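For reference, the structure is listed below as structure tokens.
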Amino acid sequence: MSGHKRTDVLVVGAGPVGLLAGLTLARRGVALRIVDRDWRTGAHSYALLLHGRSVKLLEDLGVREAILPSAVPLRRIRFWDGTRCRAVLELEELSGGLPVPVVLRQDALEAALENALSALGVSVYWNHEVAALVPEADGVRVTLHRLEKETVGYAALHTEWVVAGTKESKIPWVLAADGHRSRARRALGIEFIETGPPQHFGVFEFRTSGCDQAEMHVVLDAEGLAAAWPLADGFCRWSFELPNLQPLETSRDKQRLAVQIGAQVFPALADQELPPLLGRRAPWFSGNVEEVRWRIAVRFERRLASLFGRDRVWLAGDAAHMAGPVGAHSMNVGLLEARQLADTLAGILAGSDSPARLDEYNRQQLAQWRFLLGLENGLRPAPGCDPWLASQAPRILGCLPASGRELAALAARLGLEVAN
Ligand SMILES: Cc1cc2nc3c(=O)[nH]c(=O)nc-3n(C[C@H](O)[C@H](O)[C@H](O)COP(=O)(O)OP(=O)(O)OC[C@H]3O[C@@H](n4cnc5c(N)ncnc54)[C@H](O)[C@@H]3O)c2cc1C
């Protein structure tokens, strides 16, 4: 940063949220730098559902064409009580011509965003870790480490990342999209409050001929949640909530290699467990299991930051919240936050927006997340609602692939309404 061209906004983290923030800032002509401590984008599907609002956002940013070839449009969701299909939720024609949600691997989304940034002349500074942030009245003092691989011991047996250089600079604004362990959040002393017990999921991606390309399935049974999504090229993903599974906390770290390196960390999860799980939790699923290409155990915590930032440092995405996997709220709402925050910072820098807009951002997002995490209001049955759906209303909230008005509209199709 010092000794380089001017930086008005430092984006910390090049996950989907940081990349989208960077793209928004670049399109607004803001002098930005985007850094990530890792060496490349993620290599797995992780959050694979894009809400209609996110697809629209990508369209506005000129990225929709790049994702279309690998995106699978979803037309409906079937809700099961285990053995019986209790409701079919049609996703078409939601509101104002919004596209339907699509299934898209998170790594494909990240690659498309990075390419779009690169086309605007902005490169991600991979292997650059923000080691410290000290907020000051007129900016943020940032310590940045440049990391390099060093081979330790006998050649090629073991490599580790070491700090090859350190720089300190003062940056006017920091947009922190640095994930659930956010250093920025911790530097501000913002609490990351647990809002509910964690959920453990076993995730399997496999080739099958039995997955309807237009449908997502959600199972709400006595063991918890399970969900299935169709993937491109004949694969599908099943995620099963497994109340007795206790994967290590480190399982939430993204994998950057295209191979499964976590197997030894999760001895409890093996390919052979998939057929009995399908037989028990989704006996109606007629698909065969041909080739399991990825399996992982993940612990999904539910957490909310006590603030979305202050003064010159603002949070978006997993840095500020964590939620369950089925509705993919954390990433999708994170993308909307990235857009709003980046637009606001661009406006403030151009003199057309007041910093008070940032306090508004904080208030809006806290309210939205208190709803999404079931801490306030929530969904309740409207008159005439099917009794089974009524009994499942709190669980259904976390499964709907939308937020805001669109979530309320989807809930209404199931006979549920937002409680005021
Ligand atoms: C194994 C796994 C499975 C998942 N499965 C699902 C799922 O099924 N459904 C679902 O909805 N969600 C799932 N998620 C969560 C989903 O991936 C996240 O919600 C999404 O990635 C959030 O995006 P983000 O950009 O906010 O954060 P991240 O994608 O976590 O990106 C943060 C980035 O910041 C970088 N960073 C962190 N600290 C620093 C620092 N100090 N300096 C520089 N860079 C830094 C990191 O390297 C990372 O690239 C899963 C996540 C994991 C890890």
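Just so you know, ligand 1 is whichever comes first in the structure, and atom 1 is the first atom listed for that ligand. Source: prediction; values computed, not measured.
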request  = Provide the number and element of each atom of ligand 1 under 4.0 Å from a heavy atom of Pro325.
outcome  = 7 (C), 8 (O), 9 (N), 10 (C), 11 (O)

query = In ligand 1, which numbered atoms sit nearer than 4.0 Å to a non-hydrogen atom of His128?
reply = 43 (C)

remark   = Interatomic distance, CD@Glu290 vs CZ@Phe235, rounded to 0.5 Å, equals 8.5 Å

task = Could you grab the distance from atom CD of Gln199 to atom CG of Leu242, nearest 0.5 Å is fine?
result = 11.0 Å

remark   = CZ of Arg370 to CG of Asn377, rounded to nearest 0.5 Å, is 9.5 Å

query = Between the side chains of Glu114 and Trp126, does any donor sit under 3.5 Å from an acceptor?
reply = yes

task = Determine whether the side chain, the backbone, both or neither of Ala177 has a heavy atom under 4.0 Å from any heavy atom of ligand 1.
result = backbone

remark   = ligand 1 atoms nearer than 4.0 angstrom to some heavy atom of Gly179 are 27 (O), 30 (O), 32 (C)

request  = Between Asp318, Leu147, Asp178, Asn127, flag the one that comes closest to atom 19 (O) of ligand 1 by a heavy atom.
outcome  = Asp318

query = Non-hydrogen atoms of Ser239 versus ligand 1: any pair closer than 4.0 Å?
reply = no

ask   = Using heavy atoms and a threshold below 4.0 Å, how should the contact between Arg181 and ligand 1 be classified: side chain, backbone, both, or neither?
value = neither

ask   = Are Arg33 and Tyr125 in a cation-pi contact, defined as NZ or CZ under 6.0 Å from the six-membered ring centre and within 45° of the axis?
value = yes

Neighbour count above 12 (heavy atom, 6.0 Å) for Glu59 CD = yes

ask   = Judged by non-hydrogen atoms, does Phe300 sit under 4.0 Å from ligand 1?
value = yes

inquiry  = Does the residue Arg237 have a heavy-atom contact with ligand 1, meaning some pair of atoms that are separated by less than 4.0 Å?
reply    = yes

Per-atom contacts of ligand 1 with Gly317, taking only distances under 4.0 Å to non-hydrogen atoms = 26 (O)

inquiry  = Looking at Arg75 and Glu90, is any side-chain nitrogen of the basic one under 4.0 Å from a carboxylate oxygen of the acidic one?
reply    = no

inquiry  = So for Gly334, does at least one of its heavy atoms come nearer than 4.0 angstrom to any atom of ligand 1?
reply    = no

ask   = Just distances here: any N/O of His329 and N/O of ligand 1 closer than 3.5 Å?
value = no

task = Find out whether the Lys NZ or Arg CZ of Arg105 is both under 6.0 angstrom from the six-membered ring centre of Tyr46 and within 45° of the ring's axis.
result = no

query = For atom 42 (N) of ligand 1, which candidate among Val130, Val142, Leu109, Leu19 provides the closest heavy atom?
reply = Val130

ask   = Going by the order shown, which atoms of ligand 1 are within less than 4.0 Å of some heavy atom of Val17?
value = 23 (O), 24 (P), 25 (O), 26 (O)

query = Under 4.0 Å from any heavy atom of Gln106, which atoms of ligand 1 are there?
reply = 16 (C), 17 (O), 20 (C), 21 (O), 29 (O)

key: Any donor-acceptor N or O pair under 3.5 Å, side chains Thr208, Asn288   = yes

task = Check the angle between the aromatic planes of Trp314 and Tyr361 and answer parallel, tilted or perpendicular using the 30° and 60° thresholds.
result = perpendicular

ask   = Should Ile296 be counted as touching ligand 1, given the test is an N or O pair under 3.5 Å?
value = no

request  = Decide, yes or no, whether a salt bridge links Glu301 with Arg299 under the criterion of side-chain N to carboxylate O below 4.0 Å.
outcome  = yes

note = For Leu117 and Ala26 the tightest heavy-atom approach is CD2-CB, 4.2 Å

remark   = In ligand 1, the atoms that come under 4.0 Å of a heavy atom of Pro16 are 23 (O), 25 (O), 29 (O)

Which of the ligand 1 atoms, numbered from 1, are nearer than 4.0 Å to a heavy atom of Glu129 = 41 (N), 42 (N), 43 (C)

query = Is the cationic atom of Arg237 (NZ for Lys, CZ for Arg) positioned less than 6.0 Å from the six-membered ring centroid of Phe204 and within 45 degrees of its normal?
reply = no

request  = Tell me which one of Tyr46, Trp126, Tyr125 gets a heavy atom nearest to atom 51 (C) of ligand 1.
outcome  = Tyr46

task = Give a yes/no on ligand 1: does His180 have at least one heavy atom closer than 4.0 angstrom to it?
result = no

inquiry  = One residue to check: Val326. Relative to ligand 1, which of side chain, backbone, both or neither has a non-hydrogen atom less than 4.0 Å away?
reply    = neither

